[in-house]
Amino acid sequence: MTFDVLVGQQSAKSRLVRTLRDGRSHAFLITGPDGSGKSTLARAFAQHAVCDAPTERGACGTCTPCVLFEAGTNPDVRFLERSRLEKEKYLKVERVRRELSSDVDLRPQFSRRKVYVVEADDLNEQGQNALLKTLEEPPPNVVLALVARTSASLLPTVLSRVCHVRLRPSPPEDLRRILAAAGVSDEGMTAFYSRYAQGVPGAALALAASQDFAALREGVFSLLGTLGTATRSTLLTEGYAFFADTRNKKEIDDLLTLLATVVRDLLVLSTARDPDLLMHADKKDMMERIRPKGGDAARRCQAAAAAIEAARRGLRANTSYETTVCELLLQMRKEFSHA
Ligand SMILES: [Zn+2]
């Protein structure tokens, strides 16, 4: 496995390789949101660190440590995370002690180093404290690679001893390559997924693969298409039925987020700002049709956006689903009616 398993992120890769090669740090923290590829990068880095003939591109793939690594049987590389099977909330501190703190002093068996890849989001304070001795007095040839969404949950004593490498949002051209490899080549959709996922490859891939998401998006546009002209009773039956299909928390959140992004686009169009700012650029013609017109178009879009946020807050606070959704629909109809 070379670093090519992760598209882009060149500066993160170079920083890991150079810092390790120059012996400037033996402990690393790789952060990035879910789907950014941080665990993939940590694996490639672990293999690079145990490989007998690594290059800037990563591990060689043919030496004994590499062959063992790729078979999942290199005893010099350990992955520590909480057990999802046993529904553990955190990685047990005894495991950190047994599999890491007490293990680091044993010599590597096949490789020039021993590497520990730790899901740091799974560590509570005790678990982090158990790492401190290894961070402070690392035995030679031991590498720690912590992986986390952000550094926020880590103790300052841990943070001060690691080389922190952040994964950045992937630029559109990288996401285009990633989506193309997954069979998504439509330029409009690629641009949409890339923006909607805020440059996070795993999120863009999940969106592209989800028929539910595509259907939800079409549903949002069709709702907005009829909103301005729907009668009150149509809105409260058909419009409500669309929401009623999505009663689970994740789906309603997705729906409101989609709705909010379309309204934001309508605001962009209403204020004649740069069309490059549009998230749903492939739906531009339709959005031109449904957007509020006239001198107070921007104010109406902002009011609609505020209504969506109010509904989101209401649902989080467990107000009646039906009341909240109906209020939102009526408020949006008011802002989007062309009368
Ligand atoms: Zn190798």
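Heads up: numbering here begins at 1 and tracks the sequence.
- A donor and an acceptor atom, one from each side chain of Gln47 and Glu70, are located under 3.5 Å apart.
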Decide yes or no on salt bridge (charged side-chain N to carboxylate O under 4.0 Å, His left out) for Arg312 and Glu309, but give the supporting numbers first. CA-CA 5 Å; Arg312 200 195 294 274; Glu309 284 322 303; 3.2 Å; yes
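- Under the 30°/60° scheme for interplanar angles, the aromatic rings of His48 and Phe3 are found to be tilted.
- Nearest heavy-atom pair across Pro75 and Gln109 is CB-NE2, 3.8 Å.
- Between Asp103 and Arg98 there is no salt bridge, since none of the side-chain N atoms of the basic residue sits less than 4.0 Å from a carboxylate O of the acidic one.
- Using a distance-only test at 3.5 Å, with no hydrogens or angles considered, a donor-acceptor pair links the side chain of Asn129 to the main chain of Glu125.
- Considering every non-hydrogen atom in both Thr234 and Ala230, the closest pair reads CB-CB, 4.5 Å.
- For the pair Thr31 and Leu167, the minimum side-chain heavy-atom distance is 4.5 Å or more.
- Side-chain atoms of Asp4 and Arg57, non-hydrogen and from C-beta on, do get closer than 4.5 Å to each other.
- Under a 4.0 Å N-O distance rule, the pair Lys92/Glu88 qualifies as a salt bridge.
- With 3.5 Å as the limit, one finds no donor-acceptor pair spanning the side chains of Arg313 and Thr319.
- Listed for the Arg333 side chain is no donor-acceptor partner under 3.5 Å among the backbone atoms of Leu328.
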Please evaluate residues Leu224 and Val220 with respect to the criterion side chain to side chain contact (heavy atoms under 4.5 Å, CB included), reporting the C-alpha separation (whole Å), side-chain torsions for both, the decisive distance (0.1 Å), and the verdict. CA-CA 6 Å; Leu224 284 169; Val220 162; 4.0 Å; yes
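- A distance of 9.5 Å separates CD in Glu238 from OG in Ser222, rounded to the nearest 0.5 Å.
- The distance from the CZ atom of Arg195 to the CG atom of Leu278 is 7.5 Å, given to the nearest 0.5 Å.
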TODO: Would you check, one step at a time, whether the test salt bridge (charged side-chain N to carboxylate O under 4.0 Å, His left out) holds for Lys38 with Glu119?
DONE: CA-CA 10 Å; Lys38 57 186 180 300; Glu119 287 292 333; over 6 Å; no
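- Side-chain polar atoms of Glu327 and Gln331 form no donor-acceptor pair below 3.5 angstrom.
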Run Leu227 and Glu335 through side chain to side chain contact (heavy atoms under 4.5 Å, CB included) and show every step you take.
CA-CA 9 Å; Leu227 204 57; Glu335 306 304 346; over 6 Å; no
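- Minimum heavy-atom separation, Val165 to Ala12: CG1-CB, 3.4 Å.
- Between Arg161 and Glu136, some side-chain heavy-atom pair lies under the 4.5 Å cut-off.
- With values rounded to the nearest 0.5 angstrom, Glu187 atom CD is found 12.0 Å from Leu179 atom CG.
- The hydrophobic cluster containing Leu154 also includes Leu29, Leu80, Leu91, Val96, Leu100, Val104, Tyr116, Val118, Leu123, Leu131, Leu132, Leu135, Val142, Leu144, Leu146, Leu155, Val158, Leu159, Val162, under a criterion of side-chain heavy atoms closer than 4.5 Å among ILVMFWY residues, counted directly or through chains of members.
- We find the OG-CZ distance between Ser11 and Arg166 to be 11.0 Å, quoted to the nearest 0.5 Å.
- Under a 3.5 Å cut-off, the side chain of Ser101 and the backbone N or O of Ala130 do form a donor-acceptor pair.
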**Report entry** Asp121/Val147 under side chain to side chain contact (heavy atoms under 4.5 Å, CB included): CA gap, chis, key distance, verdict
**Finding:** CA-CA 7 Å; Asp121 287 326; Val147 178; over 6 Å; no
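- Side chain of Ser210 to backbone of Ala206: no donor-acceptor contact under 3.5 angstrom is found.
- In this structure, Asp76 and Phe69 have side chains that are not in contact, with every pair of non-hydrogen atoms separated by 4.5 Å or more.
- The shortest non-hydrogen separation linking Ser270 to Pro292 is OG-O, 3.8 Å.
- Because its NZ or CZ atom is not both nearer than 6.0 Å to the ring centre of Phe336 and within 45° of the ring axis, Arg291 does not count as a cation-pi partner of that residue.
- Here the closest non-hydrogen pair linking Gly61 and Val67 is O-CG2, 4.2 Å.
- A salt bridge links Lys283 to Glu218: one of the charged nitrogens lies within less than 4.0 Å of a carboxylate oxygen.
- Here the side chain of Tyr196 pairs no donor or acceptor atom with the backbone of Thr261 at under 3.5 angstrom.
- Between Glu173 and Arg176, no side-chain nitrogen of the basic residue sits less than 4.0 Å from a carboxylate oxygen of the acidic one, so the salt-bridge criterion is not met.
- Put simply, CZ on Arg217 and CG on Leu207 are 10.0 Å apart, with the number rounded to the nearest 0.5 Å.
- Counting only distance, with no hydrogens or angles, the side chain of Asp22 and the backbone of Arg24 share no donor-acceptor pair below 3.5 Å.
- The main-chain N or O of Leu16 is never found under 3.5 Å from a side-chain atom of Thr19 such that the two would form a donor-acceptor pair.
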For this session: For the pair Leu330 and Arg232, evaluate side chain to side chain contact (heavy atoms under 4.5 Å, CB included) and give the outcome as yes or no after the intermediate values.
Result: CA-CA 8 Å; Leu330 290 172; Arg232 187 185 162 94; 3.6 Å; yes
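- For the pair Asp253 and Thr257, the tightest heavy-atom approach, listed with the atom from each and the gap, is O-OG1, 2.8 Å.
- Within the 4.5 Å cutoff, the side chain of Asp282 has heavy atoms near those of the Met189 side chain.
- Between Phe28 and Phe45, the ring-plane angle classifies as perpendicular under the 30° and 60° cut-offs.
- A salt bridge between Asp296 and Arg300 is present, with a side-chain N of the basic residue lying under 4.0 Å from a carboxylate O of the acidic one.
- Summarising the geometry, atom NE2 belonging to His280 is positioned 8.5 Å from atom CZ belonging to Arg264; distances are rounded to the nearest 0.5 Å.
- In this structure, the side chain of Arg113 engages the main chain of Ala49 through a donor-acceptor pair within 3.5 Å.
- Judged by distance alone, the side chain of Lys114 and the main-chain N or O of Leu106 form a donor-acceptor pair under 3.5 Å.
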